[in-house]
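Both backbone and side-chain heavy atoms feed into the values below; hydrogens, waters and symmetry mates do not. Remember, predicted model here, so these are calculated numbers, not experimental data.
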There are 2 protein chains.
Amino acid sequence: MAQPPSKDSAPTPDPLQDQPEDQPDATGSDRPGQPLVAPDVADARQRFIEGWGHYGPTWGVNRTMAQIHALLLLAPEPLDAEQVMSALNISRGNANMNLRALVDWGLVGKQLKLGERREFFVAEKDIWQVTKRIARERRKRELQPMLELLGEIKEVGADSPDPHAQALHQSVGRIRRFAGAADKVLDSVLRADETWFFKIFMRLFK
Amino acid sequence: MAQPPSKDSAPTPDPLQDQPEDQPDATGSDRPGQPLVAPDVADARQRFIEGWGHYGPTWGVNRTMAQIHALLLLAPEPLDAEQVMSALNISRGNANMNLRALVDWGLVGKQLKLGERREFFVAEKDIWQVTKRIARERRKRELQPMLELLGEIKEVGADSPDPHAQALHQSVGRIRRFAGAADKVLDSVLRADETWFFKIFMRLFK
DNA sequence: CAAAAGGTTCAGAAGCTTCTGAAAACGCTG
DNA sequence: CAGCGTTTTCAGAAGCTTCTGAACCTTTTG
């Protein structure tokens, strides 16, 4: 995180490869430049999981959590902890911890099958829901505390002649107005029904 | 990053205090519950810088970078490296590195005063510009590579009877459509003129 | 051109986060 | 209530990121 903006002029920023994961490519296909020969399913899965894991951290979930989420997104049916562990080559503790975190975030649901003691996990597959969940969390954890702080100091320096005090007061004011607006926007969007939201946006930005 | 959603029911999530920074409170004011006695300017500055630094990482800039940015946001006039170093108690190397990163991100500008060899730094004070810069960077670095990956694997499994292949194909399709829409929205917003954007939004979400 | 002032670099230190593996706890079922 | 399959916990290990401080480089000026 926080490298400076890519200065390199390479048009393709970076192949999403992360850790090559010594699980060998289950296929042997060596995808050529042309998309004529479609890469095989297992390969695509792998690439998706790596990509999702790669960008997870910038959404606020760590890499393993994101990989588990990706795995579950692609699973046609619920998986148990054991399956997650072996698919991603992670330890029991790690799997348990991150699965729980995913459940806490509301990105993954626990499912109990009758007559089964194991717990199974299913990902929320509706990406819009996923986005809303994350946005909601981050609003609560980041935007709102910041707003509160800004509210507390918004009057400071209002009527001081000192340029430092004035600069403070003005900056805080500007930021507060902006953050307040953003908060309102977010709130509306998060409350809004998906189709309503999309209808408006699709019209505006098509 | 990536703690699970706050389960604690405490309504005030967390005082933005981060590192108490043994620079003693420059004021001695002990702000009471009521905002009658406004906290003093130096105290407010400090709190703002700490808060900004605290949330920086979730925006993609690290803590020190965010603190420097905050410091510059509140400064009535350009600061040089020395001032940044002593205000935040960081080393020369650290200051240099993070200042440069801020310049690369486009969040801070270098300013040369005539007859001065030192470089001075000014923050972009327009928060909407700041937001756009960050959004633009992240779009380029995260959204677009992901879209490219999704494009490459979008056909995989399309006509396979295997449920794994089908699940893959469907998930990838859903995510790709969503990401594509998000990308278009972002693009429009980023191109758009500030006032235009705000006009529409303020109308929609007031 | 020597000294001074400022900027840059980088190897190692410090600090955080995440992961592992093993032990403990849990909760059925016979 | 013993045994078993499963989940949870946690101390230490591993790995990453960031920070420091000192050496190095560059530019200006007496």
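- For the OP1/OP2 pair of D:dT18 and a distance below 4.0 Å, the side-chain nitrogens and oxygens of B:T64 include no atom meeting the criterion.
- Taking A:K113 as the reference, nothing meets the side chain to side chain donor-acceptor pair (under 3.5 Å) condition, with sequence neighbours excluded.
- Between the CG atom of A:N98 and the C1' atom of C:dT17 there is a distance of 11 Å, given to the nearest Å.
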Find every protein N or O atom lying less than 3.5 Å from an N or O atom of nucleotides 1-10 of chain D, and list the pairs.
unit_1, atom_1, unit_2, atom_2, d
D:dG5, N2, A:R117, NH2, 2.9
D:dG5, N3, A:R117, NH2, 2.7
D:dT7, OP1, A:E119, N, 3.0
D:dT8, OP2, A:N96, ND2, 2.6
D:dT9, OP2, A:R100, NH2, 3.2

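- A:D187 meets the salt bridge (Lys or Arg N to Asp or Glu O under 4.0 Å) test with A:R139, A:R191; sequence neighbours excluded.
- A search for side chain to side chain donor-acceptor pair (under 3.5 Å) contacts involving A:R117 returns nothing, not counting sequence neighbours.
- The separation between B:K113 atom NZ and C:dA5 atom P is 18 Å, rounded to whole Å.
- In this entry the distance linking CE of A:M65 with P of C:dC19 reads 9 Å, nearest Å.
- For B:R133, the side chain to side chain contact (heavy atoms under 4.5 Å, CB included) partners at least two apart in sequence or on another chain are B:L107, B:E124.
- The structure places CG of A:N94 at 9.5 Å from CE of A:M65, a figure rounded to the nearest 0.5 Å.
- Scanning for side chain to side chain contact (heavy atoms under 4.5 Å, CB included) contacts around B:N96 gives B:R100, with sequence neighbours left out.
- Whole-Å rounding puts the B:R63 CZ to C:dC16 P distance at 8 Å.
- A:R141 forms a cation-pi arrangement with A:W105, by the criterion of a distance under 6.0 Å to the ring centre and an angle within 45° of the ring axis.
- The side chain to side chain donor-acceptor pair (under 3.5 Å) search around A:E119 returns A:K110, not counting sequence neighbours.
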Set out, line by line, the N/O atom pairs under 3.5 Å between protein and nucleotides 11-14 of chain C.
none

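- Take A:F48 and apply the ring-ring contact (aromatic ring centres under 6.0 Å, His included) test, not counting sequence neighbours, and it matches A:W52.
- C:dT18 atom P lies 13 Å from atom CD1 of A:I90, rounded to whole Å.
- Following rounding to the nearest Å, B:M85 (CE) and C:dG6 (P) show an atom-to-atom distance of 11 Å.
- Residues satisfying the side chain to side chain donor-acceptor pair (under 3.5 Å) test with A:R176, not counting sequence neighbours, are none.
- Note on residues 76-89 of chain B: pairs passing salt bridge (charged side-chain N to carboxylate O under 4.0 Å, His left out), not counting sequence neighbours, are B:D80-B:R118, B:E82-B:R92.
- Each end of the helix from C:dC1-D:dG30 to C:dG30-D:dC1 yields a helix axis from five base pairs, and these two axes differ in direction by 10° (to the nearest 10 degrees).
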